[in-house]
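Below is one structure; the comments refer to it alone.
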Protein chains: 2
Amino acid sequence: MNTQSTRADDILRCARSLIVRGGYNSFSYADISKVVGIRTASIHHHFPSKSDLVRVLVAQYREEASAGLAQLEQNIPDPLDQLRAYLGYWERCFADMAAPFCVCALLAGEIPVLPEDVAVEVRAHFRRLADWLTGVFQRGAAQGRLRLSGTASADAEMFMATTHGAMLSARAYGDAKAFGAITRPLLERIAA
Amino acid sequence: MNTQSTRADDILRCARSLIVRGGYNSFSYADISKVVGIRTASIHHHFPSKSDLVRVLVAQYREEASAGLAQLEQNIPDPLDQLRAYLGYWERCFADMAAPFCVCALLAGEIPVLPEDVAVEVRAHFRRLADWLTGVFQRGAAQGRLRLSGTASADAEMFMATTHGAMLSARAYGDAKAFGAITRPLLERIAA
DNA sequence: GACATGCTACCTACTAGTTGGTAGGTTCTC
DNA sequence: GAGAACCTACCAACTAGTAGGTAGCATGTC
């Protein structure tokens, strides 16, 4: 396995931190150039077009997210604790980092102006997250740990929507604590 | 009161439909120029800078939204029905229009790259909406029509977050019906 | 060991098109 | 004739993207 930090990784990392601030059209190759210390032409060497760059970026983000969810699945037996850990992750992101946001939640809003192949990746992330949450709610209900108000799938979609909306509210209010303030009662409500 | 359609109104209307597709950086004066049939320089006559245009646009959106909420307040006595009507409005938007989205929900995600005066307007919309919802939940609880799971304010914030998140999901899935599918169970859950 | 080949990563220099914005003149309307 | 509305004609900066070249390194081959 290749663990060394390559230039392409630097570019992806930088692009992610830029895209997370304001979406697809809020950053340029020139912005990356300044941070990474490479000419814009050289970025094109690694990622021929901007849509290539963002498509790879989102695909990588999806993989990381998927691995993260798998790890929650592995390390945390209780479904309610899994949801707690998931929200806790984002709460820590808001507390620690400068401009935290789910890459895909941000890009979802821009889907009508996104290159099609990027939109496909964003959609896939929503599906993956919803599927995982549905499983958590199913097991939680079966184990009597979570109280469903509808189907597991419907509750999962609602949970995801509330989480993403809480990110928007945190940004709108300019208050990192808002995310936790909105999502913590959510957990209390669904705990059996 | 001036009810005639002016050029400035045409520009604002067009800009709104453009901004709703992909946010602040997804449209240009050239785009408006093509639709409205006016030169870009003439748009600058009405709105000296892009941030002026969007600030006025959001301010106008806020007024309309505020008027809409006031009308719900006036015409619909029951708090639960008020929420139903609010969500129904957005559900109809998703069903009828090409690219529906709450202007402020979209811009909230882009706040780090937004001109400060625009961000202020976006923030004000979130406050206004949260305040109204808090009032609805308070009255609903007092009248025994709504079941609170926390404070009225906390429930209101969660309701707003879920609504905004449902808009993101609808876009991500490319499915207008997703909005209603997510928000309808929300209503059922809080109905006493 | 010398040398050709080919590849990766990067560069400079450039392009066409777009961006938001300005200067200054014309036309329409009250 | 004053002012609003609109125009043409600009501008500098920026956009994604291309062309063509170079340096370094790994091959294989004589």
Side-chain angles (χ1 to χ4, degrees), chain A residues 1-19 21-58 60 107 110 112-119 121, chain B residues 1-58 60 107 110-119 121:
Chain A
M1 187 180 161
N2 183 14
T3 52
Q4 72 185 350
S5 167
T6 67
R7 232 340 118 72
D9 289 335
D10 293 343
I11 294 166
L12 284 168
R13 207 176 0 258
C14 174
R16 191 193 289 196
S17 80
L18 288 170
I19 214 171
R21 298 186 70 236
Y24 189 88
N25 289 306
S26 77
F27 78 101
S28 70
Y29 273 32
D31 297 326
I32 299 173
S33 164
K34 281 172 209 150
V35 176
V36 175
I38 197 180
R39 297 300 158 126
T40 61
S42 307
I43 304 174
H44 280 286
H45 168 73
H46 294 281
F47 304 98
S49 76
K50 191 179 180 181
S51 68
D52 288 323
L53 168 58
V54 177
R55 181 176 39 76
V56 172
L57 184 159
V58 177
Q60 186 186 280
L107 291 179
E110 299 180 313
V113 299
L114 248 36
E116 181 54 28
D117 49 356
V118 174
E121 291 289 335
Chain B
M1 185 180 163
N2 183 12
T3 51
Q4 72 186 350
S5 167
T6 66
R7 233 337 119 73
D9 289 335
D10 293 343
I11 294 167
L12 284 168
R13 206 177 359 258
C14 175
R16 191 194 287 196
S17 80
L18 288 169
I19 214 170
V20 130
R21 299 187 69 235
Y24 189 88
N25 288 305
S26 76
F27 79 100
S28 69
Y29 274 32
D31 297 327
I32 299 173
S33 163
K34 282 171 207 151
V35 176
V36 175
I38 196 180
R39 297 300 158 126
T40 61
S42 307
I43 304 175
H44 280 286
H45 169 73
H46 294 280
F47 304 98
S49 77
K50 191 179 180 181
S51 69
D52 288 323
L53 168 59
V54 177
R55 181 177 40 76
V56 172
L57 184 160
V58 178
Q60 187 187 280
L107 291 179
E110 300 180 313
I111 277 201
V113 299
L114 248 38
E116 182 53 30
D117 49 355
V118 174
E121 291 289 338

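Numbers restart at 1 for each chain; the letters A, B, ... are given by sequence-line order, proteins then strands.
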Would you list the atom pairs, donor with acceptor, under 3.5 Å between side chains in residues 110-118 of chain B and any protein atom, with sequence neighbours excluded?
from	atom 1	to	atom 2	distance (Å)
E110(B)	OE1	Y24(B)	N	2.9
D117(B)	OD2	R55(B)	NE	3.3

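Straight-line distance from the CZ atom of F47(A) to the P atom of dC10(C): 11 Å, rounded to whole Å. Going from atom CZ of R39(A) over to atom C1' of dC11(C) covers 8 Å, rounded to whole Å. Rounded to a whole Å, the CD1 atom of I11(B) is 14 Å from the P atom of dG21(C). Here the P atom of nucleotide dA16(D) and the CD1 atom of I43(A) are 9 Å apart, to the nearest Å. Whole-Å rounding puts the H45(B) NE2 to dT27(C) P distance at 17 Å.
Of all heavy-atom pairs between S33(A) and T40(A), the closest is CB-CG2, 3.9 Å.
Remark: R39(A) engages no residue in a salt bridge (Lys or Arg N to Asp or Glu O under 4.0 Å) (not counting sequence neighbours). Judged as a ring-ring contact (aromatic ring centres under 6.0 Å, His included), and not counting sequence neighbours, H46(B) has no contacts.
Near-neighbour residues of DNA chain D inside residues 16-32 of chain B, defined by a heavy atom below 4.0 Å, are absent.
Checking dC6(D), dC11(C), dA16(D) against every side-chain atom of I38(B), the shortest atom distance belongs to dC6(D). Nearest to the side-chain atoms of H46(A) among the listed nucleotides dC6(D), dG21(C), dA9(C) stands dA9(C).
Separating the OH atom in Y29(B) from the NZ atom in K34(B) is a distance of 15.5 Å, to the nearest 0.5 Å. Annotation: the span from L57(B) atom CG to S51(B) atom OG amounts to 12.0 Å, rounded to 0.5 Å. If you take CD on Q60(B) and CZ on R13(B), they are separated by 8.5 Å, rounding to the nearest 0.5 Å. In this structure, the separation between CZ on R16(B) and CD1 on I32(B) is 13.0 Å, given to the nearest 0.5 Å. We find the CG-OG1 distance between L12(B) and T6(B) to be 7.5 Å, quoted to the nearest 0.5 Å. If you take OG on S17(B) and CZ on F27(B), they are separated by 9.5 Å, rounding to the nearest 0.5 Å.
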Taking N or O atoms only and anything under 3.5 Å, show me the protein contacts with nucleotides 18-26 of chain D, one pair per line.
none

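At least one side-chain nitrogen or oxygen of S42(A) sits closer than 4.0 Å to the OP1 or OP2 atom of dC11(C).
Put simply, the side chain of I43(B) does not reach to within 4.5 Å of the side chain of V36(B), judged on heavy atoms.
Helix-axis bend for the helix from dG1(C)-dC30(D) to dC30(C)-dG1(D): the local axis fitted to the five terminal pairs at one end deviates from that at the other end by 10°, rounded to 10°.
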